[in-house]
Amino acid sequence: MSPTHKRTRALRAAFPYTIPILTGFVFLGIAYGYYMTSEGFHALYPILISATVFAGSMEFAAVSILKEAFDPLRVLLLTVMVNARHLFYGISMLEKYRAAGRKKFFLIYGMADETFSVNCAADIPPDVDKGWFMLWVTVLNYCYWQFGTAVGAILGSMIHINTEGLSFVLTALFVVLFLEQWLKEKTHHSALLGLGATLVCLLIFGNQNFILPAMLVILAGLTLLKAPLSKAGDRA
Amino acid sequence: MTLMQEIITVAMMVLGTVATRFLPFLLISSKKPTPGYIRYLGIMLPSAAMGLLVIYSYKDVSILGGAHGIPELIATAVVVALHLWKRQMLLSIAGGTVLYMLLVQFVF
(Lines give C-alpha, C1' and ligand atoms only; values in the text may rest on other atoms or scores of the structure.)
Protein backbone atom coordinates (compact mmCIF):
# COMPACT_ATOMS: atom_id res chain seq x y z
CA MET A 1 0.00 0.00 0.00
CA SER A 2 1.44 3.41 -0.97
CA PRO A 3 1.73 6.03 1.81
CA THR A 4 -0.88 8.29 0.15
CA HIS A 5 -3.26 5.41 -0.20
CA LYS A 6 -2.74 4.50 3.45
CA ARG A 7 -3.50 8.08 4.52
CA THR A 8 -6.69 8.50 2.46
CA ARG A 9 -7.96 5.11 3.53
CA ALA A 10 -7.49 6.06 7.19
CA LEU A 11 -9.15 9.44 6.59
CA ARG A 12 -12.16 7.76 5.01
CA ALA A 13 -12.46 5.41 7.99
CA ALA A 14 -11.95 8.20 10.54
CA PHE A 15 -14.20 10.95 9.18
CA PRO A 16 -17.62 9.35 9.92
CA TYR A 17 -16.61 8.98 13.59
CA THR A 18 -15.93 12.71 13.77
CA ILE A 19 -19.22 13.95 12.27
CA PRO A 20 -20.97 14.28 15.65
CA ILE A 21 -17.90 16.13 16.91
CA LEU A 22 -18.00 18.38 13.85
CA THR A 23 -21.55 19.36 14.84
CA GLY A 24 -20.81 19.71 18.53
CA PHE A 25 -17.47 21.49 18.25
CA VAL A 26 -18.57 23.99 15.62
CA PHE A 27 -21.58 24.84 17.73
CA LEU A 28 -19.67 25.06 21.03
CA GLY A 29 -16.74 26.81 19.34
CA ILE A 30 -19.07 29.48 17.99
CA ALA A 31 -20.57 29.85 21.46
CA TYR A 32 -17.10 30.28 22.97
CA GLY A 33 -15.83 32.74 20.35
CA TYR A 34 -19.00 34.77 20.63
CA TYR A 35 -19.01 34.72 24.45
CA MET A 36 -15.42 35.92 24.78
CA THR A 37 -15.74 38.74 22.23
CA SER A 38 -19.07 39.82 23.74
CA GLU A 39 -17.19 40.17 27.07
CA GLY A 40 -15.02 42.81 25.43
CA PHE A 41 -12.04 40.76 24.22
CA HIS A 42 -10.61 41.20 20.72
CA ALA A 43 -11.44 38.33 18.32
CA LEU A 44 -7.78 37.25 18.39
CA TYR A 45 -8.09 36.24 22.06
CA PRO A 46 -10.46 33.29 21.67
CA ILE A 47 -8.79 32.32 18.38
CA LEU A 48 -5.28 32.17 19.87
CA ILE A 49 -6.44 30.60 23.14
CA SER A 50 -8.30 27.85 21.24
CA ALA A 51 -5.25 27.15 19.10
CA THR A 52 -2.89 26.84 22.09
CA VAL A 53 -4.86 25.70 25.17
CA PHE A 54 -7.30 23.43 23.28
CA ALA A 55 -9.28 22.39 26.37
CA GLY A 56 -12.88 23.61 26.22
CA SER A 57 -13.74 24.11 29.87
CA MET A 58 -10.49 26.02 30.59
CA GLU A 59 -11.09 28.24 27.57
CA PHE A 60 -14.50 29.30 28.86
CA ALA A 61 -12.90 29.84 32.28
CA ALA A 62 -10.21 32.01 30.66
CA VAL A 63 -12.77 34.76 30.09
CA SER A 64 -13.13 35.44 33.81
CA ILE A 65 -9.55 34.50 34.72
CA LEU A 66 -8.16 37.16 32.38
CA LYS A 67 -10.27 39.77 34.16
CA GLU A 68 -8.97 38.83 37.60
CA ALA A 69 -5.69 39.85 39.26
CA PHE A 70 -2.49 38.33 37.84
CA ASP A 71 -1.77 35.04 39.64
CA PRO A 72 0.02 32.55 37.36
CA LEU A 73 0.56 29.83 39.97
CA ARG A 74 -3.12 29.71 40.89
CA VAL A 75 -4.03 29.49 37.18
CA LEU A 76 -1.58 26.61 36.70
CA LEU A 77 -3.01 24.66 39.65
CA LEU A 78 -6.59 25.35 38.59
CA THR A 79 -5.85 24.11 35.06
CA VAL A 80 -4.24 20.90 36.32
CA MET A 81 -7.25 20.25 38.55
CA VAL A 82 -9.86 20.99 35.87
CA ASN A 83 -8.03 18.78 33.36
CA ALA A 84 -6.91 16.01 35.74
CA ARG A 85 -9.14 13.48 33.94
CA HIS A 86 -6.64 13.60 31.04
CA LEU A 87 -4.26 11.60 33.27
CA PHE A 88 -6.66 8.64 32.97
CA TYR A 89 -6.80 9.05 29.20
CA GLY A 90 -3.01 9.00 29.00
CA ILE A 91 -2.71 5.80 31.03
CA SER A 92 -5.46 4.24 28.87
CA MET A 93 -3.74 5.21 25.63
CA LEU A 94 -0.10 4.53 26.64
CA GLU A 95 0.44 1.55 24.36
CA LYS A 96 -1.83 2.60 21.48
CA TYR A 97 -0.25 6.06 21.13
CA ARG A 98 3.31 4.86 21.66
CA ALA A 99 2.87 2.45 18.76
CA ALA A 100 2.09 5.43 16.52
CA GLY A 101 5.72 6.64 16.44
CA ARG A 102 6.30 10.34 15.84
CA LYS A 103 2.57 10.97 15.41
CA LYS A 104 2.21 10.50 19.17
CA PHE A 105 3.19 14.10 19.95
CA PHE A 106 0.14 15.57 18.26
CA LEU A 107 -2.04 12.64 19.39
CA ILE A 108 -1.21 13.48 23.01
CA TYR A 109 -1.29 17.26 22.59
CA GLY A 110 -4.74 17.11 20.96
CA MET A 111 -6.26 14.54 23.33
CA ALA A 112 -9.58 16.25 24.15
CA ASP A 113 -12.42 14.25 25.75
CA GLU A 114 -14.08 13.60 22.40
CA THR A 115 -10.83 12.63 20.66
CA PHE A 116 -9.90 10.25 23.46
CA SER A 117 -13.33 8.61 23.45
CA VAL A 118 -13.26 7.94 19.69
CA ASN A 119 -9.65 6.72 19.64
CA CYS A 120 -10.35 4.55 22.66
CA ALA A 121 -13.63 2.94 21.60
CA ALA A 122 -13.64 3.02 17.77
CA ASP A 123 -13.53 -0.28 15.95
CA ILE A 124 -10.70 0.39 13.51
CA PRO A 125 -10.96 -2.01 10.53
CA PRO A 126 -7.91 -4.32 10.31
CA ASP A 127 -6.92 -3.00 6.87
CA VAL A 128 -6.76 0.61 8.12
CA ASP A 129 -3.54 2.05 9.57
CA LYS A 130 -4.24 2.64 13.29
CA GLY A 131 -1.74 5.48 13.66
CA TRP A 132 -3.15 7.44 10.74
CA PHE A 133 -6.74 6.77 11.83
CA MET A 134 -6.08 8.19 15.31
CA LEU A 135 -4.10 11.10 13.90
CA TRP A 136 -6.93 12.04 11.52
CA VAL A 137 -9.48 11.91 14.35
CA THR A 138 -7.23 14.21 16.39
CA VAL A 139 -6.48 16.63 13.54
CA LEU A 140 -10.10 16.85 12.34
CA ASN A 141 -11.44 17.49 15.83
CA TYR A 142 -8.78 20.14 16.42
CA CYS A 143 -9.72 21.86 13.16
CA TYR A 144 -13.47 21.79 13.92
CA TRP A 145 -12.85 23.55 17.22
CA GLN A 146 -10.61 26.21 15.62
CA PHE A 147 -13.15 26.78 12.86
CA GLY A 148 -16.05 27.17 15.32
CA THR A 149 -14.11 29.54 17.56
CA ALA A 150 -13.09 31.74 14.62
CA VAL A 151 -16.63 31.88 13.23
CA GLY A 152 -18.02 32.74 16.66
CA ALA A 153 -15.35 35.35 17.36
CA ILE A 154 -15.73 37.10 14.00
CA LEU A 155 -19.38 36.60 13.05
CA GLY A 156 -20.99 35.49 16.31
CA SER A 157 -23.08 38.58 16.84
CA MET A 158 -24.71 38.18 13.41
CA ILE A 159 -25.87 34.60 13.92
CA HIS A 160 -29.28 34.00 15.47
CA ILE A 161 -30.57 30.45 15.20
CA ASN A 162 -32.37 28.63 17.96
CA THR A 163 -29.77 26.01 18.78
CA GLU A 164 -30.99 25.29 22.30
CA GLY A 165 -30.24 21.67 23.09
CA LEU A 166 -27.76 21.12 20.26
CA SER A 167 -24.90 20.54 22.70
CA PHE A 168 -26.63 17.25 23.57
CA VAL A 169 -24.88 15.90 20.47
CA LEU A 170 -21.69 15.44 22.53
CA THR A 171 -23.57 13.72 25.36
CA ALA A 172 -25.12 11.36 22.80
CA LEU A 173 -21.65 10.71 21.36
CA PHE A 174 -20.28 9.72 24.78
CA VAL A 175 -23.27 7.47 25.43
CA VAL A 176 -22.86 5.72 22.07
CA LEU A 177 -19.11 5.25 22.49
CA PHE A 178 -19.68 3.95 26.02
CA LEU A 179 -22.20 1.44 24.59
CA GLU A 180 -19.72 0.38 21.90
CA GLN A 181 -17.09 -0.22 24.56
CA TRP A 182 -19.70 -2.10 26.63
CA LEU A 183 -20.67 -4.38 23.73
CA LYS A 184 -16.99 -5.15 23.03
CA GLU A 185 -15.95 -6.19 26.54
CA LYS A 186 -16.58 -9.50 28.26
CA THR A 187 -17.18 -8.20 31.78
CA HIS A 188 -18.38 -4.80 32.87
CA HIS A 189 -16.81 -4.25 36.31
CA SER A 190 -14.71 -1.31 35.20
CA ALA A 191 -17.46 0.38 33.18
CA LEU A 192 -19.91 0.06 36.07
CA LEU A 193 -17.30 1.30 38.53
CA GLY A 194 -16.69 4.36 36.32
CA LEU A 195 -20.40 5.17 36.04
CA GLY A 196 -21.25 4.40 39.67
CA ALA A 197 -18.29 6.09 41.36
CA THR A 198 -18.67 9.23 39.27
CA LEU A 199 -22.44 9.43 39.81
CA VAL A 200 -22.10 9.01 43.58
CA CYS A 201 -19.32 11.64 43.71
CA LEU A 202 -21.40 14.04 41.60
CA LEU A 203 -24.31 13.67 44.03
CA ILE A 204 -22.07 14.08 47.10
CA PHE A 205 -19.62 16.78 45.98
CA GLY A 206 -21.71 18.73 43.46
CA ASN A 207 -20.92 19.52 39.84
CA GLN A 208 -17.91 21.73 40.55
CA ASN A 209 -15.80 19.35 42.64
CA PHE A 210 -16.66 15.76 41.79
CA ILE A 211 -14.01 14.79 39.21
CA LEU A 212 -11.00 14.38 41.51
CA PRO A 213 -12.87 12.34 44.17
CA ALA A 214 -14.38 10.21 41.39
CA MET A 215 -10.92 9.55 39.93
CA LEU A 216 -9.60 8.53 43.36
CA VAL A 217 -12.54 6.18 44.01
CA ILE A 218 -12.11 4.57 40.56
CA LEU A 219 -8.39 4.15 41.14
CA ALA A 220 -8.96 2.69 44.61
CA GLY A 221 -11.68 0.39 43.31
CA LEU A 222 -9.54 -0.94 40.46
CA THR A 223 -6.59 -1.41 42.81
CA LEU A 224 -8.66 -3.36 45.34
CA LEU A 225 -10.18 -5.51 42.60
CA LYS A 226 -6.88 -6.16 40.84
CA ALA A 227 -6.43 -9.75 42.01
CA PRO A 228 -9.95 -11.04 41.22
CA LEU A 229 -10.23 -9.09 37.96
CA SER A 230 -6.81 -10.11 36.67
CA LYS A 231 -7.71 -13.72 37.42
CA ALA A 232 -11.03 -13.42 35.61
CA GLY A 233 -9.04 -12.42 32.51
CA ASP A 234 -11.22 -9.36 32.15
CA ARG A 235 -11.45 -8.21 28.51
CA ALA A 236 -8.51 -10.42 27.61
CA MET B 1 -3.56 42.69 33.44
CA THR B 2 -0.93 43.96 31.07
CA LEU B 3 -0.51 42.16 27.74
CA MET B 4 2.58 40.40 29.11
CA GLN B 5 0.65 39.18 32.15
CA GLU B 6 -2.13 37.95 29.88
CA ILE B 7 0.36 36.01 27.79
CA ILE B 8 1.88 34.43 30.91
CA THR B 9 -1.61 33.55 32.23
CA VAL B 10 -2.56 31.81 28.97
CA ALA B 11 0.85 30.10 28.91
CA MET B 12 0.05 28.67 32.37
CA MET B 13 -3.21 27.25 31.00
CA VAL B 14 -1.30 25.68 28.11
CA LEU B 15 1.32 24.28 30.50
CA GLY B 16 -1.31 22.87 32.88
CA THR B 17 -3.27 21.22 30.06
CA VAL B 18 -0.20 19.82 28.31
CA ALA B 19 1.06 18.50 31.65
CA THR B 20 -2.11 16.48 32.30
CA ARG B 21 -2.00 15.05 28.78
CA PHE B 22 1.73 14.19 28.60
CA LEU B 23 2.49 13.21 32.21
CA PRO B 24 1.64 9.49 31.97
CA PHE B 25 3.78 9.18 28.83
CA LEU B 26 6.71 10.98 30.49
CA LEU B 27 6.51 9.18 33.84
CA ILE B 28 6.14 5.68 32.49
CA SER B 29 9.27 4.79 30.58
CA SER B 30 8.91 3.26 27.15
CA LYS B 31 12.34 1.61 27.39
CA LYS B 32 11.70 -0.45 30.49
CA PRO B 33 8.80 -2.91 30.43
CA THR B 34 5.63 -1.29 31.78
CA PRO B 35 5.02 -2.31 35.41
CA GLY B 36 2.24 -4.88 35.82
CA TYR B 37 0.05 -2.53 37.85
CA ILE B 38 0.16 0.18 35.17
CA ARG B 39 -0.47 -2.37 32.42
CA TYR B 40 -3.49 -3.58 34.40
CA LEU B 41 -4.73 0.03 34.69
CA GLY B 42 -4.15 0.54 30.98
CA ILE B 43 -6.49 -2.36 30.26
CA MET B 44 -9.13 -1.56 32.89
CA LEU B 45 -9.18 2.26 32.92
CA PRO B 46 -10.63 2.93 29.43
CA SER B 47 -14.08 1.58 30.37
CA ALA B 48 -14.06 3.41 33.70
CA ALA B 49 -12.87 6.64 32.05
CA MET B 50 -15.67 6.38 29.47
CA GLY B 51 -18.16 5.88 32.31
CA LEU B 52 -16.76 8.97 34.04
CA LEU B 53 -17.10 10.92 30.80
CA VAL B 54 -20.75 9.90 30.38
CA ILE B 55 -21.66 11.14 33.89
CA TYR B 56 -19.49 14.25 33.35
CA SER B 57 -21.57 15.19 30.31
CA TYR B 58 -24.72 15.23 32.48
CA LYS B 59 -23.15 17.25 35.28
CA ASP B 60 -25.20 20.40 34.64
CA VAL B 61 -28.58 18.63 34.62
CA SER B 62 -30.61 19.63 37.65
CA ILE B 63 -32.84 16.90 39.00
CA LEU B 64 -34.63 19.13 41.50
CA GLY B 65 -35.27 22.17 39.32
CA GLY B 66 -36.22 22.96 35.73
CA ALA B 67 -37.42 19.95 33.75
CA HIS B 68 -36.00 17.55 36.41
CA GLY B 69 -33.73 15.89 33.85
CA ILE B 70 -36.70 14.33 32.05
CA PRO B 71 -35.65 15.50 28.53
CA GLU B 72 -32.15 14.10 29.14
CA LEU B 73 -33.59 10.80 30.37
CA ILE B 74 -35.94 10.39 27.38
CA ALA B 75 -33.32 11.40 24.79
CA THR B 76 -30.70 9.11 26.35
CA ALA B 77 -33.13 6.17 26.35
CA VAL B 78 -33.79 6.81 22.65
CA VAL B 79 -30.05 6.99 21.88
CA VAL B 80 -29.46 3.66 23.64
CA ALA B 81 -32.51 1.98 22.07
CA LEU B 82 -31.64 3.21 18.55
CA HIS B 83 -28.08 2.08 18.98
CA LEU B 84 -28.93 -1.38 20.25
CA TRP B 85 -31.45 -1.74 17.42
CA LYS B 86 -29.52 -0.47 14.37
CA ARG B 87 -25.98 -0.03 15.73
CA GLN B 88 -25.48 2.97 13.42
CA MET B 89 -23.52 5.54 15.41
CA LEU B 90 -24.63 8.61 13.46
CA LEU B 91 -28.29 7.57 13.41
CA SER B 92 -28.33 7.03 17.19
CA ILE B 93 -26.64 10.37 17.87
CA ALA B 94 -28.69 12.41 15.39
CA GLY B 95 -31.97 10.81 16.48
CA GLY B 96 -31.34 11.49 20.15
CA THR B 97 -30.09 15.04 19.59
CA VAL B 98 -32.98 16.11 17.36
CA LEU B 99 -35.46 14.65 19.83
CA TYR B 100 -33.70 16.43 22.70
CA MET B 101 -33.81 19.77 20.87
CA LEU B 102 -37.54 19.34 20.16
CA LEU B 103 -38.14 18.43 23.81
CA VAL B 104 -36.32 21.42 25.32
CA GLN B 105 -37.55 23.91 22.75
CA PHE B 106 -41.22 22.93 22.49
CA VAL B 107 -42.25 20.55 25.26
CA PHE B 108 -40.43 21.47 28.47
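By convention in this document, chain letters (A, B, ...) are assigned in the order of the sequence lines, proteins followed by strands, and residues within each chain are numbered from 1.
Classified by interplanar angle (parallel below 30°, tilted 30° to 60°, perpendicular above 60°), the ring pair B/Tyr100/A/Phe168 is parallel.
In this structure, the separation between CD1 on B/Ile28 and CD on A/Glu95 is 10.0 Å, given to the nearest 0.5 Å. If you take CG on B/Leu102 and CD on A/Glu164, they are separated by 11.5 Å, rounding to the nearest 0.5 Å. In this structure, OG in B/Ser47 is found 3.5 Å from CD in A/Glu185, a value given to the nearest 0.5 Å. Atom CG in A/Asp123 sits 11.5 Å away from atom CE in B/Met89 (nearest 0.5 Å). Here OG1 of A/Thr171 is found 8.0 Å from CD of B/Glu72. Values are rounded to the nearest 0.5 Å. Once rounded to the nearest 0.5 Å, the distance linking NZ of B/Lys59 with CG of A/Leu202 reads 9.5 Å.
Of the two parts of A/Arg85, only the side chain, counted from C-beta on, holds a non-hydrogen atom closer than 4.5 Å to a non-hydrogen atom of chain B. Looking at A/Leu73, neither its backbone nor its side chain comes within 4.5 Å of chain B, counting heavy atoms on both sides. Of the two parts of A/Ala122, neither the backbone nor the side chain holds a non-hydrogen atom closer than 4.5 Å to a non-hydrogen atom of chain B. If you measure heavy-atom distances from A/Tyr17 to chain B, the contacts under 4.5 Å come from both the backbone and the side chain. Only the side chain of B/Val18 comes within contact range of chain A, with heavy atoms under 4.5 Å apart.
With chain B as partner, the option from A/Ser167, A/Ala69, A/Gly90, A/Ala121 having the largest number of non-hydrogen pairs under 4.5 angstrom is A/Gly90. Counting heavy-atom pairs closer than 4.5 Å to chain A, the top residue among B/Pro24, B/Ala19, B/Gly16 is B/Pro24. Between chain B and the residues A/Leu76, A/Ile108, A/Thr79, the most heavy-atom pairs under 4.5 angstrom are made by A/Ile108. Ranked by non-hydrogen atom pairs under 4.5 Å with chain B, the options A/Leu193, A/Leu183, A/Leu77 are led by A/Leu183. When each of B/Tyr37, B/Tyr58, B/Phe22, B/Phe25 is scored by its heavy-atom pairs under 4.5 Å with chain A, the top score falls to B/Phe25. Comparing A/Leu94, A/Thr52, A/Leu179 by heavy-atom pairs within less than 4.5 Å of chain B, the highest count is held by A/Leu94. Contact count against chain B (heavy-atom pairs under 4.5 Å) is highest for A/Ile91 among A/Val80, A/Ile211, A/Leu192, A/Ile91. The candidate from A/Phe116, A/Phe105, A/Tyr109 with the greatest count of non-hydrogen atom pairs under 4.5 Å with chain B is A/Tyr109.
Contact of the A/Ile218 side chain with the B/Leu45 side chain is registered, since non-hydrogen atoms from C-beta on lie closer than 4.5 Å. Counting heavy atoms from C-beta outward, B/Ser57 and A/Leu170 have side chains that stay 4.5 Å or more apart. In this structure, the side chains of A/Gln181 and B/Pro46 come closer than 4.5 Å at one or more pairs of heavy atoms. Side-chain contact between A/Leu219 and B/Leu41 is present, with heavy atoms from C-beta onward closer than 4.5 Å. Side-chain contact between A/Phe178 and B/Leu52 is absent, with no heavy atoms from C-beta onward closer than 4.5 Å. Within the 4.5 Å cutoff, side-chain heavy atoms of A/Leu222 are placed close to those of B/Tyr40. In this structure, A/Ser117 and B/Met50 have side chains that are in contact, with non-hydrogen atoms separated by less than 4.5 Å. Using a 4.5 Å heavy-atom cutoff, the side chains of B/Val10 and A/Tyr45 are not in contact.
Judged purely by atom type and a 3.5 angstrom limit, B/Gln105 has no side-chain atom pairing as donor or acceptor with the backbone of A/Gly165. No side-chain donor-acceptor contact under 3.5 Å links B/Thr9 to the backbone of A/Pro72. Looking only at distances, no side-chain donor or acceptor of B/Thr17 sits under 3.5 Å from a matching main-chain atom of A/Ala55.
For the pair B/Arg21 and A/Tyr89, the NZ or CZ position fails the cation-pi test of under 6.0 Å to the six-membered ring centre and within 45 degrees of the ring normal.
A salt bridge links A/Glu180 to B/Arg87: one of the charged nitrogens lies within less than 4.0 Å of a carboxylate oxygen.
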